[in-house]
Every structure is written in structure tokens, then in C-alpha cells.
Amino acid sequence: MKQRTLVLLKPDAVNRRLMGEIIGRFEKKGLKIVAMKMLWMDKKMAEKHYEVHRGKPFYESLIDYITSAPIVAMVLEGDNAITVVRKMMGKTNGQEADIGTIRGDYSMSVQNNLVHGSDSEENAKKEISLFFSDGEIMDYRLVDEVWI
Ligand code: DAT
Ligand code: MG
């Protein structure tokens, strides 16, 4: 089933020059980038994005972290894109994430874990609309789609 998911390259990914590496993995897997921008989240936006975590012990630190530097937001499209991206990201804690996953290969932290990916269709829709207007999401065909 064709799905869209919101992916964020978080402040540590930008600052550690891992943007190209991470985007390259998604591209090579066969996911299609249908929207992408660099932005600096403000507190209000961060609080919306992480609303479900409000009140948790790590919440304040999480908001400080995600607003501490620019991020890259993307919409990725593909068959079961939500699950596929979550698998590629690995477990939340970089120390526990399997080697071969993005977090497993590049993160040693539970907070500074490089990437965000939506965890359900409902959240993907909500999260995409927080970062992108309909006009910013591209409808186009890649020449290799028949091979993916
Ligand atoms: P994920 O990003 O794997 O979907 P999540 O939605 O449970 O994880 O949490 C959102 C972010 O909050 C996560 O990427 C990092 C941070 N976080 C989660 N659990 C944490 C914890 N126990 N201590 C510190 N930060 C945590
Ligand atoms: Mg999550």
C-alpha cells in the first residue's frame, strides 16, 4: 500500500554532517522524496510535533534539542513507507538499535538519535501537515519506478 511518512533529520544529523548519508540511504532503498526543506523549528512548532510526549521526564530536554539548530524535513513516499522507514531508523536508543540501522550505525544516544519517522498513518498525516502545505508536496514520476 502506497504511503507517505514524515521524516526529520534532527539537529545532530545536520551538525554532524550526516544529512547526505541519511538521505542517501532512503534514496537507495527505493523511497521517493516528494517534499524536502531545511528549517529551524520554534518552540510552538516543537510542542505541537511532540505533543504526545508532554509531561514525560525527557520532554523539556527534547524540545530544547529539536529547537537547538536547523533540521531537514522530508516527506517520503513508497509501499509501506511508514514501517520501512521505522525499520531503517532502528530502535529509539542508539545504543540498542541494531547495527545496519541509521541509529544503530551513527547514534550513541536516546535523545540525539538523528532521525524522526512517523509511527502510524494517522500521525503521518498530522505531522506532514505541520511541516508542509499541499502545494509543497510534489507529484512526479521517477524513471526507475518500474524497477523498485
Ligand atoms: P521514536 O523517535 O523512536 O519514535 P518516541 O516517539 O518514543 O521515539 O520518542 C520521541 C523522541 O523522544 C525520541 O526520538 C527521543 C526522545 N526520547 C524518547 N524516550 C526518551 C527517553 N527515555 N529519554 C530521553 N529521550 C527520549
Ligand atoms: Mg515517535
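Along the sequence shown, residues carry numbers from 1. Counting starts at 1 for both ligands and their atoms, following the listed order.
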Task: Distance-only N or O hit between ligand 1 and Tyr50, under 3.5 Å - done: no
Open item on the list: Minimum distance, heavy atoms only, to atom 4 (O) of ligand 1: which one of Lys10, Arg86, Arg103, Lys91 is it?
Closed with: Arg86
Task: Asn113-ligand 1 polar pair, N/O distance under 3.5 Å - done: yes
TODO: Consider ligand 1: state whether an atom of it lies below 4.0 angstrom from any non-hydrogen atom of His53.
DONE: yes
Task: Gln111 N/O to ligand 1 N/O under 3.5 Å - done: no
Open item on the list: With no hydrogens and no angle check, just 3.5 Å: does a side-chain donor-acceptor pair link Asp12 and Tyr65?
Closed with: yes
- [ ] Kindly indicate whether a cation-pi arrangement holds for Lys32 with Tyr140, taking the cut-offs as under 6.0 Å to the six-membered ring centre and within 45° of the axis.
- [x] yes
- [ ] Validate the cation-pi geometry between Lys37 and Phe132: distance from NZ or CZ to the six-membered ring centre under 6.0 Å, angle to the ring axis within 45°.
- [x] yes
Task: Non-hydrogen atom of Asp119 closer than 4.0 Å to ligand 1 - done: no
Task: Val34 backbone acceptor or donor facing Arg4 side chain under 3.5 Å - done: no
TODO: Answer whether the closest heavy-atom distance between the side chains of Phe26 and Ile102 falls below 4.5 Å.
DONE: yes
Open item on the list: Considering non-hydrogen atoms of the protein only, which is the closest contact for atom 1 (P) of ligand 1, and what is the distance?
Closed with: Thr92 OG1, 3.6 Å
TODO: Could you see which bit of Val110 sits under 4.0 Å from ligand 1, with heavy atoms only: side chain, backbone, both or neither?
DONE: both
Open item on the list: I'd like to check Asp119 versus Arg86 (side-chain heavy atoms, cut-off strictly below 4.5 Å). Are they in contact?
Closed with: yes
Task: Heavy-atom proximity to atom 25 (N) of ligand 1, best of Tyr65, Phe58, Tyr59 - done: Phe58
Task: Side chain to side chain, Glu77 and Ile137, heavy atoms closer than 4.5 Å - done: no
